[in-house]
Amino acid sequence: MEEARAGRQLLEALGLRERKGLDLIACPSCGRAEVDVIEIAERAQTALTDLAIPIQVAVMGCVVNGPGEAREADLGIAAGRKRGHLFVKGQVVRVVPEDQMVDALVTWAQIIADDGVEAALAMADTSAAAEAEADRQALLESKGDDANDSGTKVELIRKL
Ligand code: SF4
């Protein structure tokens with residue numbers, strides 16, 4: 001059963017089968033994440049599965065690298081500075097409080113299903129993109145551009 005579901009999702013992701021349901025992806029989380037990505041992704045999966053909408057959704061743990069993936073999905077959210085940046089087809093449409101991230105995904109998935117992507121984009125908050133960029137810059141300033149200290153880790157591995 002699980003294998004069949006994975007196979008179906010693979011075909012849908014490759015565009016070889018019409019999407020029939022939810023395809024939710026989440027980042028693996030890392031030192032930059034400011035939320036419990038897995039917990040939010042699980043709640044989103046449960047809430048969105050109940051809607052039975054054919055849609056790809058991305059749940060990302062930070063607003064620095066998360067938007068890249070979130071922009072690729074039909075609907076995406078990236079967390080940071082106690083807020084969630086909500087994307088529809090790559091455009092920031094809302095910045096919502098962290099505790100409303102799952103509700104926002106459900107609301108906008110329903111808008112896309114009922115009225116289509118163009119209608120959803122027309123409802124975008126015009127100040128959302130600037131707010132999102134301000135959050136992103138603030139996070140970069142507070143954590144630097146290498147929150148996972150990958151440079152040090154690479155040096156340690158090289159010495160092994
Ligand atoms: S950099 Fe951001 S999006 Fe990437 S794994 Fe870490 S928290 Fe997730």
Side-chain angles (χ1 to χ4, degrees), residues 2 5-6 9-10 12-15 19 21-51 53-112 117 120-121 124-125 127-160:
E2 198 55 35
R5 191 170 70 90
Q9 286 179 339
L10 180 61
E12 288 173 357
L14 292 170
R19 193 179 302 290
L22 172 68
D23 174 19
L24 188 140
I25 57 171
C27 80
S29 191
C30 71
R32 202 182 277 288
E34 295 197 322
V35 293
D36 183 339
V37 181
I38 304 303
E39 190 261 341
I40 291 174
E42 283 178 348
R43 285 199 291 120
Q45 174 90 35
T46 301
L48 291 164
T49 298
D50 287 349
L51 296 181
I53 293 171
I55 193 167
Q56 187 179 52
V57 175
V59 176
M60 312 306 288
C62 78
V63 296
V64 174
N65 296 328
E69 195 73 43
R71 283 193 172 100
E72 296 296 319
D74 299 317
L75 182 62
I77 201 152
R81 297 176 59 78
K82 305 286 178 206
R83 311 202 294 174
H85 300 177
L86 190 82
F87 297 81
V88 172
K89 287 286 187 189
Q91 183 177 322
V92 185
V93 294
R94 282 287 189 284
V95 175
V96 300
E98 187 178 293
D99 62 359
Q100 292 174 22
M101 286 172 63
V102 174
D103 287 345
L105 285 172
V106 170
T107 298
W108 284 79
Q110 195 68 65
I111 290 170
I112 291 171
V117 168
L121 290 173
D125 180 344
S127 63
E131 278 186 59
E133 183 55 24
D135 279 346
R136 184 174 178 280
Q137 289 301 328
L139 194 59
L140 271 171
E141 277 168 29
S142 67
K143 289 201 173 184
D145 58 8
D146 187 9
N148 297 309
D149 197 15
S150 50
T152 305
K153 286 170 188 152
V154 167
E155 278 309 307
L156 284 172
I157 291 167
R158 283 203 178 112
K159 287 178 186 162
L160 290 176

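For ligands, and for the atoms within them, numbers begin at 1 and follow the listed sequence.
Between Val93 and Leu121 there is a side-chain heavy-atom pair separated by less than 4.5 Å.
Shown are Asp74, Leu24, Leu105; of these, the side chain to side chain contact (heavy atoms under 4.5 Å, CB included) with Ile55 is made only by Asp74. Checking Thr107, Val88, Ile53 one by one against Ile112, the side chain to side chain contact (heavy atoms under 4.5 Å, CB included) holds for a single residue, Val88.
Contacts of Ser29 with ligand 1, taken as heavy-atom pairs under 4.0 Å, involve the backbone alone.
Residues that satisfy the side chain to side chain donor-acceptor pair (under 3.5 Å) test with Asp125, not counting sequence neighbours, are Ser127. Under the rule for a salt bridge (charged side-chain N to carboxylate O under 4.0 Å, His left out), the partners of Arg83 that lie at least two apart in sequence or sit in another chain are Glu131, Asp135.
For ligand 1, the atoms sitting less than 4.0 Å from at least one non-hydrogen atom of Ala33 are 7 (S), numbered in the order shown with element in parentheses. Near Gly66, the atoms of ligand 1 lying under 4.0 angstrom from a non-hydrogen atom of the residue are 3 (S). Against a heavy-atom cut-off of under 4.0 Å, Gly61 is close to the following atoms of ligand 1: 7 (S), 8 (Fe).
Taking backbone and side chain together, Cys30 holds no N, O or S atom under 2.8 Å from atom 8 (Fe) of ligand 1.
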